Amino acid sequence: MNVPPAEFTSYYGRPVLKAPVWKWDIAAYLFTGGLAAGSSLLAAGGQLTGRPALRRAGRVTALAAVSASTYFLIHDLGRPSRFHHMLRVAKLTSPMSVGTWILAAFGPAAGVAAVAEAAPLLPERGLLGLGRRLLPPAGQAAGLAAAVTAPALATYTGVLLADTAVPSWHEAYPELPAIFAGSALASGAGVGLIAAPTTQAGPARRMAVAGAALELWGSHRVENRLGLLSEPYAVGTAGRLLRAGRSLTAAGLAGALMGRRSRVLSALSGGALLAASVCTRFGIFHGGVASARDPKYTVVPQRERVRERDSQDPHSGSGAGPGGG
């Protein structure tokens, strides 16, 4: 009688991998960080091309999103002091340490840029009048500084996930930063399409095209390139979320391109792009967690790598010593 196929359930009664303890707040952190980055790029585009509605919407959204992102991160850490302690060291080999410093650099710049939008509301005389004159140039410089930091903020979380032992995250290390960059661009474009009149939404439409292309390419790759490790992204909660994300991205992109003269259609497409970004981030998160919980996603790829290595080197593992067999 043949031995029945092995069922990978545990390693001597213990899980092969410890599944991430992160909860929904980390998935929300992934989304809001990307939204902050995309919105700051949108604001910089509005600033450099003389589109005040885009600039204003991007700056305000960037500050709100990075504030929410910081809250979700601190909530996951458990105590605010832990975030402070992470700033006591800088470790270039740790994506978490690098990401903390990126967040710390981006947040104040986004804050100054957003506060500068309130300058016209200040009185013209006195101390507040001085603020009315100084805030706009400070906001211009801070807005560009936030935009320079934005690509790192958008992508470092992809590097952070890929740097773990979670199988479907680790194996997708080439695609995750690209997916998160595309998601950030698409969400920032969504803000612009919702908030700006169609005459000022040109940069947002171009961001939507670039973001959708990156996001759709990356999602397709992780669902087809990884072999067995693509499965967690195609089934269950992750599969449903990623399929919804692709559909919403395609719908948002189509609406952005066809809604050049329709404010309603432009706003609807912006909402679709924002919803797509949420679905993509949560889908990637759930796919990785599912791959860590099922031992087959750890054991089977390991055995395949061993077999491939042995087939390339027929003498490996033969037991022969230096003097021969």
Side-chain angles (χ1 to χ4, degrees), residues 17-23 25-41 62 65-66 69-70 72-74 76-77 82-83 86-87 89-107 146-188 210-211 213-223 225-226 229-230 232-233 238 242 245 277-278 280-292 297-298 301:
L17 282 180
K18 183 178 180 180
V21 296
W22 295 333
K23 297 181 174 60
D25 47 2
I26 288 299
Y29 163 72
L30 299 178
F31 165 69
T32 51
L35 176 60
S39 297
S40 68
L41 290 172
V66 77
S69 184
T70 304
F72 288 129
L73 177 59
I74 292 175
D76 178 74
L77 292 173
R82 290 179 176 171
F83 182 80
M86 293 174 69
L87 294 174
V89 296
K91 190 175 181 181
L92 295 179
T93 56
S94 168
M96 180 63 79
S97 177
V98 172
T100 303
W101 281 100
I102 291 170
L103 197 61
F106 178 89
V148 169
T149 316
L153 178 64
T155 56
Y156 95 87
T157 46
V159 178
L160 173 64
L161 296 185
D163 196 49
T164 67
V166 174
S168 290
W169 288 343
H170 185 75
E171 194 65 21
Y173 69 91
E175 290 85 11
L176 288 184
I179 293 173
F180 285 8
S183 177
L185 288 173
S187 60
L214 271 175
E215 191 171 348
L216 291 173
W217 171 83
S219 296
H220 175 77
R221 290 267 297 179
V222 298
E223 292 185 41
R225 183 188 70 83
L226 310 181
L229 295 179
S230 290
Y233 294 121
L242 289 174
S277 182
V278 173
T280 298
R281 301 281 181 148
F282 275 75
I284 293 293
F285 175 79
H286 283 290
V289 172
S291 73
Y297 298 120
T298 301

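Heavy atoms only: backbone and side chains are in, while hydrogens, waters and symmetry mates are out. The first residue in the sequence is number 1, and the count goes up from there. As the structure is a computational prediction, the values presented were derived from the model and not from experiment.
With a 4.5 Å cut-off on side-chain heavy atoms, Leu30 and Trp22 do not count as touching. Between Arg225 and Pro174, the closest side-chain pair of non-hydrogen atoms falls below 4.5 Å. Considering only heavy atoms from C-beta on, Leu153 comes within 4.5 Å of Leu103 through its side chain. Within the 4.5 Å cutoff, side-chain heavy atoms of Ile284 are placed close to those of Trp169.
Residues Arg281 and Thr157 share a closest heavy-atom pair of NH1-OG1, 3.9 Å. Nearest heavy-atom pair across Val222 and Ser230 is O-OG, 2.8 Å. Between Pro151 and Thr155, the closest heavy-atom pair is O-OG1, 2.8 Å. Among all heavy-atom pairs drawn from Val166 and Ser291, the shortest one is CG1-OG, 3.4 Å. The shortest non-hydrogen separation linking Leu35 to Gly188 is CD1-N, 4.5 Å. Across all non-hydrogen atoms, the minimal contact from Leu185 to Gly211 is CB-CA, 3.7 Å.
In this structure, the side chain of Ser39 does not engage the main chain of Ala36 through any donor-acceptor pair within 3.5 Å. The main-chain N or O of Leu229 is found under 3.5 Å from a side-chain atom of Ser168 such that the two form a donor-acceptor pair. For the pair Thr280 (side chain) and Ser277 (backbone), a donor-acceptor distance under 3.5 Å is absent. Between the side chain of Ser69 and the main chain of Ala65, no donor-acceptor pair closer than 3.5 Å is present. Not one N or O on the side chain of His170 forms a donor-acceptor pair closer than 3.5 Å with the backbone of Ala165. Side-chain atoms of Ser40 come within 3.5 Å of backbone atoms of Ala37 as a donor-acceptor pair (strictly under, hydrogens ignored). No donor-acceptor pair under 3.5 Å is formed between the side chain of Tyr297 and the backbone N or O of Ala290.
Here Phe180 contributes atom CZ and Leu161 contributes atom CG; the two are 5.0 Å apart, rounded to the nearest 0.5 Å. With values rounded to the nearest 0.5 angstrom, Thr149 atom OG1 is found 10.0 Å from Leu41 atom CG. Between the CG atom of Leu216 and the CD1 atom of Ile179 there is a distance of 10.0 Å, given to the nearest 0.5 Å. Note that CZ of Phe72 is 9.5 Å distant from CZ of Phe31, once rounded to the nearest 0.5 Å. Separating the CD atom in Glu171 from the CG atom in Leu176 is a distance of 11.0 Å, to the nearest 0.5 Å. Atom CD1 of Ile26 is separated from atom CZ of Phe282 by 10.5 Å, given to the nearest 0.5 angstrom.
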